[in-house]
Each structure stands twice: as structure tokens, then as C-alpha cells.
Asks: 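Just dropping this structure here.
As the structure lists them, so they are numbered: ligands from 1, and atoms in each ligand from 1. In this chain, residues are counted from 1 in sequence order. Source: prediction; values computed, not measured.
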Amino acid sequence: MNDMTIPFATATGLRFPDDIVFRGYAAPSRVEGEVHDLEVEGQIPNELNGAFYRNSADHAYPPLLGKDIFLNGDGMVHMVRFENGHADLKTRYVRTRKFELERKARRALFGAYRNPFTDLAEVAGEDNNTANTSVLWHHGKLYALKESGLPYELDPNTLETLGERNFGGKLNRTFTAHPKLDPETGECIAFAYNAPGQPTRDIELYVISPSGEITSHETFQAPYSSMVHDCLVSRNYIAFLVCPMTCDWERVKKGEPYWHWDSHLKTHVAIIPRKEGVKAIRWYTCPKVAQQTHTFNAWEEQTEAGTTLHLDQFITESGWLSQFPDIRDPNAREKPPFGERWSFDLDSASPEFRMQRLINQIGEMPAIDPRYAMKRANHFWFGTNNPAIGPMLPWGPKGPPFTCVGHFDEAANKLNFWYAGPDSAPEEPHFVPRGPDAAEGDGWILTMVGRRAENRTDLVILDALHLDRGPVAVVKFPYRVHEGFHGIWVGAQALGW
Ligand code: V55
Ligand code: FE
């Protein structure tokens with residue numbers, strides 16, 4: 001191929017690898033910018049005032065080692081600001097230490113995902129955090145999060161990076177990308193694993209007050225060091241799954257992937273009462289091979305037997321083999337996640353718990369009405385594929401793209417889908433209530449949609465309880481932004497707009 005056809009080719013031959021992570025629709029976007037007054041098909045509801053923020057991994061430079069996993073891209077945050085039926089887009093890289101050092105050098109300096117032994121000597125001891133996974137809005141501040149590093153605070157209006165934060169010196173070197181917000185107390189329940197920057201069995205548990213102070217910090221030990229990506233919080237309990245995605249520092253030193261799936265390890269569940277804390281921790285062992293991908297919610301039910309704690313989550317029975325190898329079975333095939341409900345009778349001494357299929361449909365990227373977090377929710381949304389209503393899309397770097405958004409109404413036992421159309425891949429759904437007093441589920445689902453044939457992105461607004469009626473509005477971006485991970489909705493009032 002003629003280098004002249006590559007828009008960012010330089011005298012030094014800056015080129016991205018021609019592989020699944022960097023090619024075609026998955027290619028880094030690298031575009032920072034603003035578009036005022038996006039095109040809109042349909043009508044953006046006037047009640048939808050505020051901002052949708054989401055994070056993504058968008059490699060700023062070709063990978064040092066010639067290849068990489070998409071999880072290791074540089075954090076790029078997108079904001080769509082909604083105001084009285086209008087929508088404006090803003091996109092900026094998070095100015096992490098890694099990003100700044102590499103931009104100065106005009107090349108990659110850091111090597112493999114979370115592996116300092118593959119970095120160039122000139123960045124020895126420097127932080128490899130990409131801040132690429134999620135965004136948090138709490139105590140009036142916006143943060144970009146990645147589980148292998150500290151939060152980066154962003155300006156919620158300009159998306160400028162304000163700096164790395166450790167909440168008064170109380171965090172070590174990591175912080176989860178999936179903290180949970182308590183809609184009743186305003187607290188943020190958060191955790192960190194591998195907090196010193198190396199694998200350890202310790203898990204740090206934090207409570208952050210509505211004013212941003214860490215009011216509680218406790219530590220407990222897991223049976224082994226694992227990828228603790230998400231957690232579950234009910235009104236009175238916190239639960240963690242420790243799954244066989246494990247890190248062995250000796251392998252990392254040899255340049256092997258940070259994580260490997262070891263099906264000889266068991267899946268363990270820790271249940272911690274929020275009031276008593278880790279001294280009252282209780283461990284359960286799961287009888288099947290299980291990896292939690294993401295969680296819907298946790299809630300308690302009072303029965304004659306006492307308190308039952310339910311954990312509603314997506315579970316797969318394999319490792320995440322598109323990203324990290326299986327060290328026991330090189331021929332293992334990745335299995336899709338299903339929504340499951342795991343139920344624990346807390347007043348019983350039994351070491352057993354129940355596992356049921358909650359949603360009879362593969363899925364991932366769960367969402368509920370956030371006002372129903374920590375108590376029983378009836379409505380569940382998720383990204384999914386449904387070959388009965390639309391063909392699958394070609395695999396991307398994280399496996400099969402979604403083609404549909406799904407909704408499960410548990411009380412009615414009904415599944416409902418929106419198919420995004422040919423060559424269209426929805427991302428994580430987000431629920432926004434119609435107003436503060438709206439009933440559960442009465443509102444909208446927002447989802448980014450990759451329009452693969454057009455090399456563009458849309459933000460689609462659906463009626464949350466009637467997905468199959470199709471979009472209320474389609475907010476059209478004039479170009480492609482990179483597929484992302486997790487986002488949030490922040491209302492105009494909270495933003496002080
Ligand atoms: C996940 C995502 C990550 C990561 C580790 O979804 C786990 C799981 C986007 O980065 O670094
Ligand atoms: Fe996640």
C-alpha cells in the first residue's frame with residue numbers, strides 16, 4: 001500500500017497495525033473536538049436536559065510492541081450535552097501521565113496492558129494508567145476511571161483533565177471503574193484491588209461521603225488475586241465475586257498477559273454487611289465455573305426464613321478468551337454471558353446458595369433505573385444479539401458486537417428488543433427517568449450506536465418501556481467515535497447548568 005494514502009503517515013512512518021484491534025470500524029479515531037447542534041432525526045424530549053458522558057479506549061499511538069488488546073487504548077471521553085431539544089458533542093483524551101509522556105515523544109513508550117516490564121526504560125516507574133473504562137459523577141465532580149490506576153478528575157463542561165486524585169491521600173495506586181452510588185444516602189461505595197500496583201490478595205473497601213470524604217476504609221483478603229471488575233451493593237450488604245481470571249506476577253515479568261483464566265480455581269463470593277464491615281465477612285464457594293462480567297443490582301428480600309440477598313448479574317462459564325488466554329485449555333471457546341440471579345439465605349448457616357437464570361437471553365452491559373439501585377428492581381436493560389430479528393455482525397476486537405438492546409420486565413415476564421438495523425451496533429444502554437417522580441422504567445434508554453457501513457456514530461434515544469417502537473430521536477454524529485465501554489447520565493441541575 002502507498003503510504004501517501006494514509007492520512008497520518010509521517011516521515012517516521014507512524015502506522016497502526018493491520019489487525020482486528022486497529023483496522024476498519026475498530027480503528028482508533030484520535031479526533032478531539034466539538035460539534036454544536038448535532039443533526040437530529042425525530043424530536044429530543046424537552047425533559048432530557050443534562051449530559052451523557054462515556055469513556056472509551058482510543059490508542060493515541062501505534063502500540064510499542066506491534067500489537068495490543070483494545071482494553072489498553074488511551075482514555076477518550078465523549079460528552080453529549082442536551083439542552084431544550086438540542087444536542088452538542090465534545091470529545092477529549094484524558095491527559096494521563098502516559099498520554100502526556102507519549103505525546104511529547106510522538107510515539108508509544110509503554111508496552112503491554114499493565115505490564116511495566118514491557119515499557120521502555122525511559123518511562124521506568126511511570127504510571128501506565130489509561131483512565132479508559134468509565135466515568136463517575138459524585139460530590140459534584142467528574143472522574144475518568146480505570147481499575148489499574150487512580151481517578152482522573154475532568155472539568156464537566158470542557159472535559160479538560162484537572163489531575164489525578166487520591167481522595168485526601170487515602171487511595172493507594174488503584175480504584176475501581178465500577179463504584180456504586182447509593183440513591184438514598186448519596187454515598188459512593190467503592191473498592192480497589194491490586195492496590196499497590198502489583199497483584200495482591202487484598203481488596204480495599206471505601207465509602208465516600210456525599211461531600212467527597214472517605215469516611216470508611218477497610219481491607220479484606222481474597223482467596224487469590226483476581227480481576228475484580230465490578231461489585232454488588234444492596235441496602236445492607238456488599239458482595240464481591242472472586243473469579244478465576246488471575247494474575248501471576250512471575251508470568252507478567254516474562255512478558256506474558258497480565259490475566260490468565262485458570263479453570264482449576266474456584267469462584268468465590270464474599271458478602272459483607274455494610275454496617276459491621278469486613279469483620280463480619282462471609283465466604284461462599286460457587287459449585288460451577290463462573291466469571292461475573294457486569295452487575296445489574298443487589299437487593300434483599302424478607303422471607304419466613306429471614307433475609308435473602310439476591311445478586312442480579314451477568315455470568316459466563318468461560319474466561320474472556322478474546323482478551324486473555326486460558327492456561328489450562330488452549331482450545332477453550334469463549335461462552336456468552338447470561339443474566340443470573342444468585343440468592344443467599346443469610347440467616348441460614350448453609351454454605352450453599354441458589355443460582356437461577358434471570359433472563360433467558362445472552363447479554364452484557366446491564367442497566368437498571370438508578371433510583372432502584374440497592375432495592376428490588378423490576379426492569380432490566382442490556383446489550384444483546386437476537387438472530388431471530390436481525391443478523392449477527394462480524395466479530396470485532398471484543399467478540400460479537402451487539403445488534404439489539406434488550407429489556408426484561410420481570411413482573412410481566414416479558415422480553416422486548418430494539419434491533420438497531422443493518423450494520424448497526426448498539427453499545428451499553430443507559431436509563432434516564434422522565435422526571436424525578438416518574439415510575440420505575442418510565443423514561444428513556446440512551447445508547448450509542450455504531451453505524452458501521454457509514455463509518456459514523458449515532459446516539460439513539462428509545463422509550464425505555466417500549467424499545468420495539470423504535471427511536472424517539474436519533475442524534476447523529478458527523479463522524480465515527482471509537483466504540484466505548486461505560487457511560488453515565490448527569491442531569492442539568494446536578495451540573496449547575
Ligand atoms: C474490563 C475492562 C477494562 C479493564 C479490565 O470489562 C476489565 C472489563 C476497559 O478496561 O482494564
Ligand atoms: Fe466494566
Asks: For atom 9 (C) of ligand 1, what's the nearest protein heavy-atom neighbour? Residue, atom name and distance, please.
Replies: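 Ranked first by proximity to atom 9 (C) of ligand 1 is Thr133 OG1, 3.2 Å.
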
Asks: If we count only N and O atoms by modelled type, under 3.5 Å, do the side chains of Arg451 and Ser424 hold a donor and an acceptor together?
Replies: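 Judged by distance alone, the side chains do pair up.
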
Asks: Mark the output for His294 as yes if a heavy-atom distance to ligand 1 is under 4.0 Å, and as no if none is.
Replies: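 For ligand 1, residue contact (heavy atoms, under 4.0 Å) with His294 is present.
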
Asks: What protein heavy atom lies closest to atom 7 (C) of ligand 1? Include the residue and the distance to one decimal.
Replies: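 The protein heavy atom lying closest is His229 ND1, 3.4 Å.
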
Asks: Compute the shortest N/O to N/O distance between Tyr113 and ligand 1 and return yes if it is under 3.5 Å, no if not.
Replies: yes

Asks: Any atoms of ligand 1 less than 4.0 Å from a non-hydrogen atom of Asn132? List them with their elements.
Replies: 9 (C), 10 (O)

Asks: Give, rounded to 10 degrees, the angle between NE2 (His229) and NE2 (His294) as seen from the Fe ion (ligand 2).
Replies: 100°

Asks: For the pair Lys180 and Asp182, evaluate salt bridge (charged side-chain N to carboxylate O under 4.0 Å, His left out) and give the outcome as yes or no after the intermediate values.
Replies: CA-CA 7 Å; Lys180 300 293 177 208; Asp182 186 326; over 6 Å; no

Asks: Checking one value in my table: which N/O/S atom of His486 lies closest to the Fe ion (ligand 2)?
Replies: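 Minimum-distance N/O/S atom of His486 relative to the Fe ion (ligand 2) is NE2.
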
Asks: Tell me, do Val475 and Val460 make a side-chain contact under 4.5 Å, heavy atoms counted?
Replies: no

Asks: Could you tell me whether Lys288 atom NZ has more than 12 heavy atoms of other residues or ligands within 6.0 Å of it?
Replies: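 It does: Lys288 NZ has more than 12 such atoms within range.
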
Asks: Could you verify whether a donor N or O on one side chain and an acceptor N or O on the other, from Gln313 and His294, lie under 3.5 Å apart?
Replies: no

Asks: Within the side chain of Asn297, is there an N or O that forms a donor-acceptor pair under 3.5 Å with the backbone of Met374?
Replies: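 Looks like yes, one N/O pair under 3.5 Å.
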
Asks: Answer side chain, backbone, both or neither: which part of Thr293 comes under 4.0 Å from ligand 1, heavy atoms only.
Replies: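 Answer for Thr293: neither.
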
Asks: For the salt bridge (Lys or Arg N to Asp or Glu O under 4.0 Å) test, which of Glu300, Glu184, Glu218, Glu187 pairs with Arg274?
Replies: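 The salt bridge (Lys or Arg N to Asp or Glu O under 4.0 Å) with Arg274 is passed solely by Glu187 among Glu300, Glu184, Glu218, Glu187.
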
Asks: Is the distance from the ring center of Trp381 to that of Phe431 below 6.0 Å?
Replies: yes

Asks: Give me the residue, atom name and distance of the protein heavy atom closest to atom 3 (C) of ligand 1.
Replies: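 Answer for atom 3 (C) of ligand 1: Leu71 CD2, 3.5 Å.
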
Asks: Give the numbers and elements of all ligand 1 atoms closer than 4.0 Å to a heavy atom of Met227.
Replies: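 In order of number, 5 (C), 7 (C).
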
Asks: Considering only heavy atoms of Lys146, which atoms of ligand 1 have at least one such atom less than 4.0 Å away?
Replies: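 In order of numbering, the contacting atoms are 3 (C), 4 (C), 9 (C), 10 (O), 11 (O).
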
